[in-house]
Amino acid sequence: MNYQRPELRNMLAAEYVLGTLKGGARRRFEGLLHHDRELLVLVETWTGRLLPAGLPSEEVGPSHRVWFELNQRLDDSTSTVRDKPSRLRWFHRLWPSGFSGASLTAAVGGIAIGVAGMLLIAPGVRVEDLTLRSGDGRSAMQPTASTEGQLPDSYIVVMPDRTGTPALLAAALRSGKVLRVKVLQEFEIAPEDIPVLWALPHGGPPTVLGSLPTEGVAEFDLLAVSEQALARVDELAVSIESRSARPFSAPQAGYVMRSSLIRSW
Amino acid sequence: MVRDAAASERLTYLIGRVAMQDRAAFKEMYGLTSHFLFRVAIRHLRDAERAEDVLQESFMEAWQKAPTYSAALSKPMTWLMTIVARRSIDEYRRQVREGQAIKPASIDDPETGWDISVVFPDSVRELFGSDVMERLERCFAQLSVDQRRAIQDIRVHGMTYDEAARFYKLPRQTVASWVRRGIQSLTGCMQT
């Protein structure tokens with residue numbers, strides 16, 4: 001076979017891309033590719049022509065599971081040089097959505113005991129801040145307590161990762177109209193995705209509270225003082241949604257973390 | 001989505017960084033390409049979960065083989081597409097062997113939702129350039145229905161000529177002739 005004939009080279013390149021070149025013919029062709037740059041260009045040309053053909057026109061994308069698992073596999077590999085070596089990639093250690101029962105109760109209970117101290121020492125989530133906001137006219141009611149070292153009546157949610165390390169903290173004064181959320185460990189998600197916070201009312205469908213930053217603090221204005229707005233809410237939860245899926249009406253792939261709403265009074 | 005030459009250059013740069021095991025670059029590369037590549041896998045497998053598995057394996061391969069990528073030999077997206085398409089076909093053929101595969105459906109089967117007329121979605125036009133894709137559409141349109149169908153079915157299902165012949169219940173030579181004449185027509189058309 002004369003591999004210098006342009007027509008033959010073109011046909012072989014196309015059939016190679018198409019996948020119809022098999023067996024010995026394929027092996028011989030691949031042998032040529034090692035030292036025939038022009039043949040490689042032909043293969044590249046036919047790849048660009050044939051591979052996009054027949055793609056579904058529907059704009060669909062992979063779920064966030066792919067990225068998370070990829071990230072985990074890279075974490076697990078021993079040869080990686082990480083962009084941020086000290087970052088705790090907590091997302092892969094989150095509790096499974098069905099995690100519940102005694103261990104959860106114990107974990108949340110144990111964390112709740114320490115919450116007052118966390119609220120006072122965690123940067124950006126001081127009780128004084130919440131108190132100021134409440135006294136700023138956002139609430140018609142006055143805070144019930146603001147003495148230093150004493151936790152005012154508040155709703156608190158701590159979402160731990162699978163190791164029990166707090167990953168997200170949410171708090172609202174009982175008499176306030178703002179729910180403040182601090183992301184304690186950065187979300188590692190694909191750029192096109194976004195974490196979304198949900199309220200899970202007792203016996204009702206989830207209610208979206210809004211999107212979260214991947215790190216830092218977010219505030220959500222409640223429609224009423226939290227004692228009313230959160231009265232029937234059992235839990236808060238976080239899901240990962242595609243940014244293109246706005247507005248969010250229901251979580252598309254379940255929750256990546258959820259935890260009970262704790263009343264401090 | 002990688003929309004233009006500048007973005008393609010960016011992707012080339014990112015693959016270079018990935019070759020040095022730069023996780024941030026890998027994340028950006030995933031963000032730029034994963035939606036498109038997922039559709040490549042879906043086309044072959046028609047099952048979102050399996051397509052996601054293939055996508056994950058493909059990105060792992062890209063992570064490992066990034067040091068071998070040469071921008072002089074291949075555009076970054078075609079390099080990635082080739083990985084995904086090859087793995088998708090391998091997975092499809094494994095399913096066939098194990099009796100798990102969805103029965104092959106011709107590209108013009110209404111149930112697949114694919115268009116035999118080969119009209120490229122906007123995202124593909126943006127990726128490869130509108131001019132090239134419009135010309136390719138016109139060239140595909142000039143093929144006979146049999147030629148178009150055979151090229152796409154074989155591409156999607158990774159069939160051999162023998163398998164395609166059994167699929168169409170036609171002589172092997174007939175199917176091979178459709179494909180080769182189709183390739184010749186496309187070649188001539190794209191050069192004009």
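We use all heavy atoms of the structure for the numbers below, so side chains are in, but hydrogens, waters and symmetry mates are not. Keep in mind the model is a prediction, meaning the values are calculated, not measured. Sequence lines set the chain letters: A, B, ... in the order given, protein chains first and strands last, and positions in each chain run from 1.
- Not a single donor-acceptor pair under 3.5 Å links the side chain of B:Q56 to the backbone N or O of A:W67.
- With a threshold of 4.5 angstrom between heavy atoms, B:A48 does not approach chain A through any atom at all.
- In this structure, A:E188 does not pair ionically with B:R23, as no charged nitrogen and carboxylate oxygen lie closer than 4.0 Å.
- Checking side-chain atoms of B:R155 against main-chain N and O of A:V17 turns up a donor-acceptor pair under 3.5 Å.
- Not a single donor-acceptor pair under 3.5 Å links the side chain of A:E44 to the backbone N or O of B:T78.
- To the nearest 0.5 angstrom, A:E7 atom CD is 10.0 Å from B:T187 atom OG1.
- Using a 4.5 Å cut-off between heavy atoms, B:E163 makes no contact with chain A at all.
- With a 4.5 Å cut-off on non-hydrogen atoms, B:V84 does not touch chain A at all.
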Item to check | A:E15 and B:Y161: CA distance, side-chain angles, deciding distance, side chain to side chain donor-acceptor pair (under 3.5 Å) verdict | outcome: CA-CA 11 Å; A:E15 292 218 39; B:Y161 282 132; 2.7 Å; yes
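- More than 12 heavy atoms of other shown residues, nucleotides or ligands fall within 6.0 angstrom of atom CD in A:E30.
- Looking only at distances, a side-chain donor or acceptor of B:R43 sits under 3.5 Å from a matching main-chain atom of A:L51.
- At a 4.5 Å heavy-atom cutoff, the contact between B:I151 and chain A is made by backbone and side-chain atoms alike.
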